[in-house]
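Please read the structure below before turning to the comments.
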2 protein chains.
Amino acid sequence: MTASKTAAAVKPARAARKEPPAEAAAETSELMMGELSELLGYALKRAQLRVFEDFLQSVAPVQLTPAQFSVLLLLDANPGRNQTEIATTLGILRPNFVAMLDALESRGLCQRTRSPSDRRSHILMLTDKGRATLARAKKLVATRHEARLTELLGRDNSEALLAMLAKIAREF
Amino acid sequence: MTASKTAAAVKPARAARKEPPAEAAAETSELMMGELSELLGYALKRAQLRVFEDFLQSVAPVQLTPAQFSVLLLLDANPGRNQTEIATTLGILRPNFVAMLDALESRGLCQRTRSPSDRRSHILMLTDKGRATLARAKKLVATRHEARLTELLGRDNSEALLAMLAKIAREF
DNA sequence: TATTGTTATACTCTATAACTATA
DNA sequence: TATAGTTATAGAGTATAACAATA
């Protein structure tokens with residue numbers, strides 16, 4: 001691929017247009033995307049769906065969804081936090097986090113324990129199996145998923161993309 | 001495993017530590033995002049949610065969702081197509097497109113008419129009201145929504161972002 | 001009285017099978 | 001037989017209210 005040097009150098013790389021059949025016969029010609037091609041929200045949604053789909057496939061050996069992977073990552077980086085803290089940090093509502101945790105805990109990947117200081121809280125921790133699974137998942141994500149993505153865009157562009165998306169989520 | 005060891009291209013998320021609560025005072029300290037900050041899929045999802053949320057708000061006067069707006073745009077660019085063609089182009093399954101069209105048609109924005117050549121098909125067209133609503137929506141999107149997004153990222157970066165997202169959706 | 005985890009519930013999206021009317 | 005639109009339905013994801021235990 002023609003890897004560009006800077007973020008702003010990325011070109012639309014228009015897929016070579018297929019010529020509309022010269023014969024006046026073809027009933028099913030290509031539809032015009034029109035101004036949809038310029039809609040950032042539309043591109044964002046389509047890219048997100050594709051990336052999640054590829055993530056799922058890449059990480060299939062450990063059977064983790066993007067959401068589950070994000071929970072394990074956060075538990076690893078923040079051992080000893082409670083459900084509310086982990087859930088809200090991920091933008092997950094507390095009621096919806098219960099079933100998610102049930103699934104992870106029933107697979108032996110993490111553990112709930114009542115906090116001695118505040119017996120209302122459930123302290124969350126990865127189990128050894130959870131850490132092992134996370135490590136394996138990280139490797140799959142890096143080698144199967146992100147490597148290909150970085151290859152597609154180029155390293156610099158890939159980092160620029162991540163930075164812009166984070167900025168949108170944070171400041172828009 | 002700490003990711004901040006070698007890795008030439010990895011830039012430290014934050015070189016200078018913000019004072020971690022040296023004293024045993026702050027009970028509810030900030031959680032570590034950890035490697036979640038490097039996950040493109042996560043950033044993609046959060047950005048997408050934020051952008052759709054802002055779209056909805058910006059376009060509230062005409063009461064259109066991002067999906068409905070994309071349908072109107074596509075109908076405008078491709079008058080006289082049938083439901084299957086419009087739906088599949090947008091990645092919408094035919095069964096799910098029925099209710100969407102019902103909503104738009106009941107608001108008088110578009111119209112289904114049986115094709116004379118193939119009476120199974122419904123030819124789709126925007127009504128005058130649909131075109132007027134679309135025009136108004138486009139203006140709102142441009143001035144309220146995309147203008148602010150472009151301002152946040154800069155024009156060149158904004159275009160680079162769109163190009164990269166489209167590339168991911170198309171080629172990844 | 002307020003908060004944590006939880007249940008119940010509802011609404012949107014998405015996905016599949018099957019029906020009808022046409023072809 | 002196959003296709004277009006449709007219905008029914010089921011599953012995720014997401015949202016709010018309310019309850020028991022605890023503070």
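Chain A is the first sequence line, chain B the second, and so forth, proteins listed ahead of strands; every chain is numbered from 1.
Residue B:Leu109 is tested with B:Leu126, B:Leu64, B:Leu134 for a side chain to side chain contact (heavy atoms under 4.5 Å, CB included); the sole match is B:Leu64.
Contacts with DNA chain D (heavy atom under 4.0 Å) in residues 55-72 of chain B: none are found. The stretch residues 105-126 of chain A comes close to DNA chain D through A:Asp118, A:Arg119, A:Arg120, each having a heavy atom under 4.0 Å from the strand.
Sequence order on DNA chain C of the closest nucleotides to A:Leu49 and A:Asn82 puts A:Asn82 first from the 5' end.
A donor-acceptor pair under 3.5 Å is formed between the side chain of B:Ser115 and the backbone N or O of B:Ser117. In this structure, the side chain of A:Arg50 does not engage the main chain of B:Ala169 through any donor-acceptor pair within 3.5 Å.
Taking the centre of each ring, A:Phe69 and A:Phe55 come in below the 6.0 Å mark.
A:Leu162 and B:Met164 fall within the same hydrophobic cluster, where Ile, Leu, Val, Met, Phe, Trp and Tyr residues are linked whenever their side-chain heavy atoms come under 4.5 Å apart, directly or through other members. In the hydrophobic clustering of this structure, B:Leu161 groups with B:Leu152; members are Ile, Leu, Val, Met, Phe, Trp, Tyr whose side-chain heavy atoms approach within less than 4.5 Å, directly or through other members.
Note that CD of A:Glu105 and CG of A:Asp102 are 7.0 Å apart. Values are rounded to the nearest 0.5 Å. Here the straight-line distance linking atom CG of B:Leu75 with atom CG of B:Asn78 works out to 8.0 Å at 0.5 Å rounding.
Around the CD atom of A:Gln63, the shell of radius 6.0 Å holds no more than 12 heavy atoms that belong to other residues, nucleotides or ligands. The local environment of CE in A:Met100 is crowded, with over 12 non-hydrogen atoms from other residues, nucleotides or ligands closer than 6.0 Å.
When rounded to the nearest whole Å, the span between CZ of B:Phe97 and C1' of C:dT14 equals 15 Å. Computed from coordinates, the B:Arg81 CZ to D:dG5 P distance equals 12 Å when rounded to whole Å. One can place CE of A:Met100 at 16 Å from C1' of C:dG5, the figure rounded to the nearest angstrom. Atom CD1 of A:Ile86 is separated from atom C1' of C:dG5 by 15 Å (rounded to the nearest Å). Rounding to whole angstrom units, CD1 of residue A:Ile92 and P of D:dT16 are separated by 15 Å. The CG-P distance, from B:Leu93 to C:dA18, rounds to 16 Å in whole Å. One atom, CG of A:Leu90, and another, C1' of D:dG13, lie 15 Å apart when rounded to the nearest Å.
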Review point. How does each nucleotide of nucleotides 7-12 of chain C score, in 5' to 3' order, for protein heavy atoms under 4.0 Å: base (B), sugar-phosphate only (S), or none (-)?
Key: BB----
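Here A:Lys45 does not reach the OP1 or OP2 of C:dC13: none of its side-chain N or O atoms lies under 4.0 Å away. Note on A:Thr84: every side-chain N or O is 4.0 Å or more away from OP1 and OP2 of C:dT3.
Remark: B:Arg148 engages B:Asp54 in a salt bridge, criterion side-chain N to carboxylate O under 4.0 Å.
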